[in-house]
Amino acid sequence: MDIRTSAPGRICLFGEHQDYLKMPVIPAAIDRIVELEGHSINEKKIIIHMPDIGSYLEFEISGNELNYDKKRDYFKSIYNHFIRRGAVFNSGFELTVRGNIPINSGTSSSSALNNAFAGFLLAGAENLSELTFSSKEEIGKLTYYAEVEEFGEPGGRMDQYSTAKGGVLYLDFSNPDPDYVQLPTISKTFVLGDSKEPKDTLGILSRLRNGFSDAAKLVNKSISFDLNSFTGEFNHLKKYLNSDLWSIFSGGIMNRDILREAKVIMEKNFDDYEFGKLLYKHHEVLRDNLNISTKKIEKMLNSALDAGALGGKINGSGGGGCMFAYAPNNPEAVKEAIEREGGKAYIINIGDGLKVYKNDSQIL
């Protein structure tokens with residue numbers, strides 16, 4: 001059998017660093033993708049060619065769970081989750097991975113790859129009609145458990161769900177199984193800027209997740225506090241926290257409120273200028289309260305705004321990686337401005353989610 005799958009990268013419009021706090025986020029898939037093409041083979045093994053990064057991987061499969069060779073052994077982890085859920089593979093597979101998503105830059109290239117690989121295994125399962133996890137939502141859920149829960153990592157679920165579903169989503173993580181609303185797509189252009197600066201994703205996630213958790217515990221010793229339900233003025237809570245914890249804690253509240261305001265205009269009365277202002281307002285909190293921006297990203301974003309972008313923000317965990325600008329009128333000028341500051345820029349649009357083809361017929 002021949003199999004082809006693809007999954008998009010994503011940007012986070014609103015709610016950056018909120019998903020692991022069980023708070024809503026608004027991510028958007030982009031039209032840059034990871035694509036897998038391959039076929040079944042007679043040998044009971046999976047062979048993965050990755051020419052974009054000059055890498056190759058091969059491992060035996062037997063119908064039993066596999067042992068991990070490294071901490072973030074995602075291909076084997078995804079295979080193991082399929083086995084745990086009753087999938088049957090009577091053959092092996094050889095496949096090639098190609099993509100045009102910036103790697104290790106905050107645009108979810110890893111989750112896109114993992115969703116595409118999960119889609120590949122879904123198409124290759126002999127008992128496809130018997131499986132209960134053959135929707136995009138279920139694939140996103142599976143890859144979350146394979147990535148985050150399996151290896152005890154500090155991330156949330158936004159990347160896996162948004163790159164599986166595609167489009168613009170409102171994802172509410174207050175329940176164990178996230179609720180989602182497909183928001184109206186944004187038909188105008190963005191410009192993605194890769195700073196080419198390395199980032200410490202796990203370190204930043206741990207610092208912020210633990211910081212907010214510690215802050216909430218301290219506040220809850222004196223008053224009952226819940227980030228989802230708390231309303232009103234909150235500066236009086238500052239007395240319970242040191243300056244570092246207060247910065248993270250207050251940033252979480254401000255980001256929550258910015259997202260709520262953005263959701264209203266995105267659902268009911270979209271306005272380019274208000275949308276752009278809220279993007280940059282969100283960026284200011286990420287920069288000033290969560291301390292995840294860099295000097296280079298600030299230069300890239302400021303140059304994009306000077307060139308006519310209506311707003312923008314750092315994207316992903318931060319400390320490097322990507323930013324994006326909303327540029328509905330003059331994306332080429334914004335792209336050039338970002339590249340003058342040493343970034344690599346791409347004009348992007350909102351993209352589709354996971355696609356799975358088996359023998360040229362689309363099954364997902």
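Index from 1, following the sequence.
- Residues I363 and L128 are in side-chain contact: their nearest non-hydrogen atoms beyond the backbone lie under 4.5 Å apart.
- A perpendicular orientation is assigned to the rings of Y326 and F270, their planes being inclined by more than 60° (bins at 30° and 60°).
- Residues K217 and K221 fail the side-chain proximity criterion, which asks for heavy atoms closer than 4.5 Å.
- Using a distance-only test at 3.5 Å, with no hydrogens or angles considered, no donor-acceptor pair links the side chain of S77 to the main chain of D73.
- The CG atom of L241 sits 10.0 Å away from atom CG of D214, with the distance rounded to the nearest 0.5 Å.
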Query raised in the report: Step by step, would you call E65 with R84 a salt bridge (charged side-chain N to carboxylate O under 4.0 Å, His left out)?
Result: CA-CA 8 Å; E65 289 191 34; R84 292 171 195 171; 3.1 Å; yes
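- Counted by atom type alone, E150 and Y68 present one or more donor-acceptor pairs between their side chains at under 3.5 Å.
- Using a 4.5 Å cut-off between side-chain heavy atoms of Ile, Leu, Val, Met, Phe, Trp and Tyr, with links allowed through other members, F173 and L208 fall into different hydrophobic clusters.
- For the pair N359 (side chain) and M1 (backbone), a donor-acceptor distance under 3.5 Å is absent.
- In this structure, E274 pairs ionically with K277, as a charged nitrogen and a carboxylate oxygen lie closer than 4.0 Å.
- Among all heavy-atom pairs drawn from S109 and V34, the shortest one is O-CG2, 4.1 Å.
- The shortest distance between side-chain heavy atoms of E58 and E43 does not fall below 4.5 Å.
- Rounded to the nearest 0.5 angstrom, D271 CG and I265 CD1 are separated by 6.5 Å.
- The number of heavy atoms from other shown groups lying within 6.0 Å of CG (D31) is above 12.
- Although no hydrogens or angles enter the test, the distance criterion places a donor-acceptor pair under 3.5 Å between the side chain of R10 and the main chain of G106.
- If you take NZ on K355 and CG on L364, they are separated by 11.5 Å, rounding to the nearest 0.5 Å.
- Using modelled atom types and a 3.5 Å distance limit, the side chains of E149 and Y144 yield a donor-acceptor pair.
- The closest donor-acceptor contact from the side chain of R32 to the backbone of N100 lies under 3.5 Å.
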Requested in this report: Take E137 and Y180, measure what side chain to side chain contact (heavy atoms under 4.5 Å, CB included) needs, and give me the verdict at the end.
Outcome: CA-CA 10 Å; E137 297 93 325; Y180 73 90; 2.5 Å; yes
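- Closest heavy-atom contact between S195 and G321: OG-O, 2.6 Å.
- Between F249 and F212, the distance from one ring center to the other falls under 6.0 angstrom.
- Enclosure of atom CG in N235 by more than 12 non-hydrogen atoms of other residues, nucleotides or ligands within 6.0 angstrom is indicated.
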Query raised in the report: Would E60 and K44 satisfy salt bridge (charged side-chain N to carboxylate O under 4.0 Å, His left out), going step by step from the backbone distance to the final call?
Result: CA-CA 6 Å; E60 304 283 338; K44 294 300 289 289; over 6 Å; no
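- The aromatic rings of F190 and F275 stand perpendicular to each other, their planes meeting at an angle above 60°, with 30° marking the opposite boundary.
- A salt bridge links K335 with E339: the distance from a Lys NZ or Arg NE/NH1/NH2 to an Asp or Glu carboxylate oxygen falls below 4.0 Å.
- L57 contributes atom CG, which lies 9.0 Å from atom CD1 of I46 (distance to the nearest 0.5 angstrom).
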Anything under 3.5 Å between a donor and an acceptor, one on a side chain of residues 115-123, the other on a protein residue two or more places apart or in another chain? List them.
unit_1	atom_1	unit_2	atom_2	d
N115	OD1	T143	OG1	2.8
N115	ND2	Q160	O	3.0
N115	ND2	T163	OG1	2.7

Query raised in the report: Hey, mind stepping through M50 and V97 against side chain to side chain contact (heavy atoms under 4.5 Å, CB included) and telling me if it holds?
Result: CA-CA 5 Å; M50 294 173 276; V97 178; 4.0 Å; yes
**Report entry** CA sep, side-chain torsions, deciding dist, call: L290, N255, side chain to side chain contact (heavy atoms under 4.5 Å, CB included)
**Finding:** CA-CA 10 Å; L290 303 193; N255 282 339; 4.0 Å; yes
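- Side chains of L310 and Y280 form no contact here, defined as non-hydrogen atoms less than 4.5 Å apart.
- Residues F324 and M300 form no side-chain contact, since every pair of their non-hydrogen atoms from C-beta on lies 4.5 Å or further apart.
- Counting only residues at least two apart or in different chains, ring-ring contact (aromatic ring centres under 6.0 Å, His included) contacts with residues 331-364 are absent.
- K296 and E341 get closest at one heavy-atom pair: CE-O, 3.6 Å.
- A 6.0 Å sphere centred on CZ of R98 holds no more than 12 heavy atoms belonging to other residues, nucleotides or ligands.
- Here the closest non-hydrogen pair linking G320 and T294 is N-CG2, 3.6 Å.
- By the criterion of side-chain heavy atoms lying less than 4.5 angstrom apart, applied directly or through intervening Ile, Leu, Val, Met, Phe, Trp or Tyr residues, I78 is not grouped with V88; the two fall into different hydrophobic clusters.
- With hydrophobic clusters built from ILVMFWY side chains whose heavy atoms lie under 4.5 angstrom apart, I223 shares a cluster with W246.
- Taking both residues in full, the closest heavy atoms of S162 and A29 are given as O-CB, 4.2 Å, listed atom of the first, atom of the second, then distance.
- Judged by distance alone, with hydrogens and angles left aside, the side-chain atoms of D226 form a donor-acceptor pair with the main-chain N or O of S229 at under 3.5 Å.
- Applying the side chain to side chain contact (heavy atoms under 4.5 Å, CB included) test between H283 and each of I258, D288, N315, I314 identifies I314 as the sole match.
- Here the side chain of D172 pairs no donor or acceptor atom with the backbone of P24 at under 3.5 angstrom.
- Tracing side-chain contacts under 4.5 Å through hydrophobic residues (I, L, V, M, F, W, Y), one never reaches M158 starting from M266; they form parts of separate clusters.
- Between I101 atom CD1 and I33 atom CD1 the span is 7.5 Å, to the nearest 0.5 Å.
- Between F82 and F89, the ring-plane angle classifies as tilted under the 30° and 60° cut-offs.
- Here the CG-CZ distance, from D69 to F59, works out to 9.5 Å after rounding to the nearest 0.5 Å.
- A donor-acceptor contact shorter than 3.5 Å links the side chain of E16 to the backbone of G316.
- For the pair I30 and I11, the minimum side-chain heavy-atom distance is below 4.5 Å.
- Considering only heavy atoms from C-beta on, K263 comes within 4.5 Å of I26 through its side chain.
- Contact detail for G15 and H282: the closest heavy-atom pair is N-NE2, 3.3 Å.
- In the displayed structure, N175 atom CG is contacted under 6.0 Å by more than 12 heavy atoms of other residues, nucleotides or ligands.
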Query raised in the report: Where do K199 and S317 land on the side chain to side chain contact (heavy atoms under 4.5 Å, CB included) test, with the steps shown first?
Result: CA-CA 8 Å; K199 60 191 185 70; S317 59; 3.3 Å; yes
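- Between the side chain of N289 and the backbone N or O of S247, at least one donor-acceptor pair lies under 3.5 Å.
- With hydrogens and angles ignored, the 3.5 Å screen pairs a side-chain donor or acceptor of D52 with a backbone N or O of G99.
- Transitive grouping of hydrophobic side chains (ILVMFWY, heavy atoms separated by less than 4.5 Å) keeps Y79 and V148 in distinct clusters.
- With contacts defined as side-chain heavy-atom distances shorter than 4.5 Å, the pair L21/H17 does not qualify.
- No donor-acceptor pair closer than 3.5 Å links the side chain of R287 to the backbone N or O of K313.
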